[in-house]
Protein chains: 4
Amino acid sequence: MNRRSALKSKENIKKAALEAFSKYGYNGASMRMIAHEAGISVGGLYLYFKNKEELCLFLIKEKLNEFSKNAQIIFENVEDPIEAISRYINMSIEYAKRHREFIITQTRDQGFTFGMDIKREFFEDQKKLIKNIIQQGIDKGLFRPLDAFEVTKVIMGVIRGYILSFVMDPDNVFDAEYCCELILKGLLKENP
Amino acid sequence: MNRRSALKSKENIKKAALEAFSKYGYNGASMRMIAHEAGISVGGLYLYFKNKEELCLFLIKEKLNEFSKNAQIIFENVEDPIEAISRYINMSIEYAKRHREFIITQTRDQGFTFGMDIKREFFEDQKKLIKNIIQQGIDKGLFRPLDAFEVTKVIMGVIRGYILSFVMDPDNVFDAEYCCELILKGLLKENP
Amino acid sequence: MNRRSALKSKENIKKAALEAFSKYGYNGASMRMIAHEAGISVGGLYLYFKNKEELCLFLIKEKLNEFSKNAQIIFENVEDPIEAISRYINMSIEYAKRHREFIITQTRDQGFTFGMDIKREFFEDQKKLIKNIIQQGIDKGLFRPLDAFEVTKVIMGVIRGYILSFVMDPDNVFDAEYCCELILKGLLKENP
Amino acid sequence: MNRRSALKSKENIKKAALEAFSKYGYNGASMRMIAHEAGISVGGLYLYFKNKEELCLFLIKEKLNEFSKNAQIIFENVEDPIEAISRYINMSIEYAKRHREFIITQTRDQGFTFGMDIKREFFEDQKKLIKNIIQQGIDKGLFRPLDAFEVTKVIMGVIRGYILSFVMDPDNVFDAEYCCELILKGLLKENP
DNA sequence: AATGAATGAGATTTCATTCAT
DNA sequence: GATGAATGAAATCTCATTCAT
């Protein structure tokens with residue numbers, strides 16, 4: 001087989017694995033089923049990924065990076081804190097909606113310690129970005145004088161809840177607009 | 001062994017199983033490990049629970065019922081919608097904090113379908129309770145004229161996010177007070 | 001099954017594993033074939049030994065200990081250096097002859113590093129014992145004034161060679177008496 | 001590629017394979033690892049050797065032949081039995097020291113039957129050569145009237161022991177001179 | 001009620017070998 | 001000659017479940 005088909009194989013594996021891990025969790029997804037879904041032999045998987053753990057970590061990293069890039073674009077290009085927060089929440093929710101498999105980044109197998117270094121770093125980065133914009137909003141007198149860090153944690157918790165909700169109860173997931181409005185109303189000074 | 005020690009055995013199993021499923025997920029927790037932690041033999045487990053699935057479902061049911069009772073008490077005894085919502089959010093968060101193992105109810109192993117009927121029913125019930133109180137608040141002119149159902153979904157999402165945050169990133173979990181304040185501010189009419 | 005049959009199972013496994021490792025080497029022997037020979041299921045093996053490596057190391061330790069005890073008895077009870085050396089060589093060779101599986105202690109799979117700590121310790125102990133008795137022989141004027149350590153290494157090399165010969169070419173293995181005589185003649189003062 | 005680079009490839013493979021088999025044993029060495037070390041593709045290996053077994057047998061044959069030639073030179077050119085034996089022992093030990101990979105010829109993977117015909121033939125040849133020279137020494141009255149065949153087996157055992165010692169415990173290997181002296185002292189008539 | 005040895009099915013992983021390019 | 005992706009078989013290991021005691 002030539003290089004092009006090798007690239008295709010890796011792509012197939014990634015897609016199949018992402019799907020399987022998202023659906024069944026790390027332990028619930030088997031290499032056999034991933035291989036089958038990717039249209040490759042079980043042994044073939046190991047040509048592309050050293051083992052199950054590395055395959056999963058690779059996917060987690062990739063998804064987190066993808067999301068990070070989206071976030072960066074927002075915070076680099078939007079000046080207004082109100083709009084930035086609004087866009088960040090909307091982007092997060094839309095992202096989770098479109099990339100259901102993003103749930104993989106929330107995988108809780110292996111005692112939640114799975115890929116924790118990578119995830120923790122990601123969470124730290126995101127927290128810094130949000131906290132920063134909230135603080136700006138407070139300093140500019142746009143937001144009420146709340147503790148920026150606490151607000152940040154609430155926002156991140158809400159987003160995390162959204163992702164989980166989307167997977168557990170996809171028909172009854174809240175609307176990004178409402179969520180955003182509710183949170184912003186809570187943040188904004190009462191007399192605009 | 002007599003009846004008292006049989007009760008003790010069952011209690012030990014439940015405790016050990018709850019811990020194991022919470023820590024390692026459904027597939028990650030093994031019957032052997034549960035038996036060991038419960039101080040009972042592997043075969044002994046099967047005297048109390050038909051199989052792994054039933055053991056897990058039993059625990060999920062129990063936890064959901066426990067939570068439901070707490071919720072019912074709030075909504076039966078508190079008249080004021082503002083206070084009811086506030087108490088519900090606080091209770092949920094405190095509950096998750098004290099019963100970390102509550103995460104078991106959010107388990108997504110086995111293709112999400114695991115115990116889904118029970119969970120869905122529980123979620124429906126909770127949604128009804130919250131939606132009802134929100135609607136009352138709107139009707140009484142206490143809350144802004146939002147869509148009660150959407151607000152309900154946001155609130156449930158937030159709580160779900162809290163539970164997940166608490167497990168994934170326990171050092172950076174948001175404060176119940178702040179969360180409550182933020183959401184209420186968003187709900188309340190601007191000029192109280 | 002009761003305790004007695006558990007002991008019997010472990011004994012069966014040890015016997016089968018010793019045989020298999022001796023015959024086919026560490027990598028050449030499969031857990032499946034050991035299980036089959038022991039009359040147990042593959043999974044059953046793992047009730048008694050954590051994994052293949054531990055099973056093999058256990059056997060190596062056991063055999064080395066057994067041999068060590070034999071050696072100790074000789075050196076504790078025999079005063080005359082000539083007789084002690086003679087008995088040690090004879091014992092070693094007889095031991096290897098009777099316990100063909102002793103070859104397991106010479107296993108060279110895994111880059112010879114397999115169980116090396118245990119083996120090295122054993123070799124050091126044996127070297128000390130032999131060197132000591134050789135030195136005594138030299139000091140008493142029974143042996144020629146050779147370097148006791150070099151002689152020790154030759155003797156151990158000869159024994160090692162015997163074990164290997166016995167496995168590779170069992171029909172043409174040298175006689176303990178001849179070997180002993182040859183070495184002693186080389187050691188002894190010419191005019192007795 | 002032209003003939004010269006094909007030769008180079010085969011040479012690389014042989015070198016890499018010898019190293020790998022010596023270090024890890026027949027089963028422990030993988031074709032992939034050999035290919036990698038030889039700087040060739042996995043498929044490429046099979047252009048030069050039909051399969052793993054043939055590759056290994058080829059190496060064993062080559063090493064045994066090389067050694068045989070060395071032995072032949074000694075016995076063809078040296079008249080004096082004492083010197084011949086001395087040279088043979090020294091040559092063997094030096095050979096093993098310089099060609100550590102010679103250990104491959106002592107490999108006991110695959111149930112000892114691996115390449116056994118070749119090895120047995122080699123051992124027979126060597127035994128004949130040594131026995132012959134020992135007998136000459138006895139007949140000439142230089143050596144004590146021992147059983148020539150038994151002495152031969154001891155000498156071969158010693159050499160075999162040296163090779164194994166060298167690999168298992170390289171820091172504590174005996175000195176060729178000492179070994180030789182010890183054996184010759186044992187062989188020689190007491191009053192020269 | 002309780003034990004824990006045993007099993008069989010299935011999981012992850014490795015590897016000699018093949019073959020389309 | 002040469003590549004390296006792909007495979008299928010087999011290896012190691014795990015685990016829910018059963019059953020004789």
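Note on naming: letters A, B, ... go to the chains in the order of the sequence lines (proteins, then strands), and numbering restarts at 1 for each one. Note that the coordinates shown come from a computational prediction; the quantities given were computed from them, not determined experimentally.
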*asked:* Mind checking if C:Phe49 touches a base, just sugar-phosphate, or nothing, with heavy atoms under 4.0 Å?
replied: nothing
- Item | Presence of B:Ser41 side-chain N/O under 4.0 Å of E:dT3 phosphate oxygens OP1/OP2 | yes
When rounded to whole Å, the CG to C1' distance for the pair D:Leu7 and F:dG1 reads 13 Å
Taken to the nearest 0.5 Å, the spacing of C:Glu121 CD from C:Lys61 NZ works out to 10.0 Å
Report task. Kindly indicate whether the side chain of A:Glu62, heavy atoms from C-beta on, has any atom under 4.5 Å from the side chain of A:Asn65. Result -> no
Practice prompt. Please tell me if the side chains of A:Ile40 and A:Leu47 come closer than 4.5 Å, counting only heavy atoms from C-beta onward.
Written response: no
In whole angstroms, the gap separating P of E:dA16 from CG of C:Asn27 amounts to 11 Å
Assign each of C:Ile40 and A:Gly43 the nucleotide of DNA chain E bearing its closest heavy atom; nearer the 5' end lies the nucleotide of C:Ile40
Please check: side-chain N/O of C:Tyr48 versus main-chain N/O of C:Glu11, any donor-acceptor pairing under 3.5 Å?
no
Assign each of C:Leu47 and D:Glu53 the nucleotide of DNA chain E bearing its closest heavy atom; nearer the 5' end lies the nucleotide of C:Leu47
Taken to the nearest 0.5 Å, the spacing of C:Lys52 NZ from C:Asn27 CG works out to 5.5 Å
From CG of C:Asn51 across to C1' of E:dT13 the rounded distance in Å is 15 Å
Quiz item: With respect to the phosphate group of F:dC19, does any side-chain polar atom (N or O) of B:Tyr46 fall under 4.0 Å of OP1 or OP2?
Solution: no
Taken to the nearest 0.5 Å, the spacing of C:Phe67 CZ from C:Phe122 CZ works out to 5.0 Å
When rounded to whole Å, the CG to P distance for the pair C:Leu55 and F:dA11 reads 16 Å
- [ ] Remember a base hit wins even if backbone is also touched, and classify A:Leu45 as base, sugar-phosphate or nothing at under 4.0 Å, heavy atoms.
- [x] nothing
Of the listed E:dT17, E:dT13, F:dA5, the closest approach to the A:Lys52 side chain comes from E:dT13
- prompt: Less than 4.5 Å apart, any side-chain heavy atom of B:Lys14 and any of B:Lys10?
  reply: yes
Out of E:dT13, F:dG4, F:dT7, minimum distance to the side chain of D:Val42 belongs to F:dG4
To the nearest 10 degrees, the angle between the two end axes of the helix from E:dA2-F:dT21 to E:dT21-F:dA2 (five pairs per end) comes to 10°
Atom CD1 of A:Ile34 and atom P of E:dG10 are separated, to the nearest Å, by 18 Å
Side chains of B:Leu55 and B:Phe21: does their closest heavy-atom pair fall under 4.5 Å?
yes
Taken to the nearest whole Å, NZ/C:Lys10 to C1'/E:dG4 is 15 Å
- Please state whether the phosphate of E:dC15, meaning OP1 or OP2, lies under 4.0 angstrom from any side-chain nitrogen or oxygen of D:Arg32. no
Next on the checklist: Using OP1 and OP2 only, check whether a side-chain N or O of D:Ser30 sits under 4.0 Å from E:dT14.
Outcome noted: no
Worksheet item: Base, sugar-phosphate, or nothing: which does B:Ala29 touch, judged by heavy atoms less than 4.0 Å apart?
Response: sugar-phosphate
Can you find a side chain N or O atom of D:Ser9 that sits less than 4.0 Å from OP1 or OP2 on F:dG1? no
C:Asn12 CG to E:dA5 P, in whole Å, measures 15 Å
Of F:dA5, F:dA2, F:dT17, the nucleotide closest to the side chain of B:Met31 is F:dT17
Comparing B:Lys50 with C:Gly44, nearest DNA chain F nucleotide closer to 5' gives the residue C:Gly44
In whole angstroms, the gap separating C1' of E:dT14 from OH of D:Tyr24 amounts to 16 Å
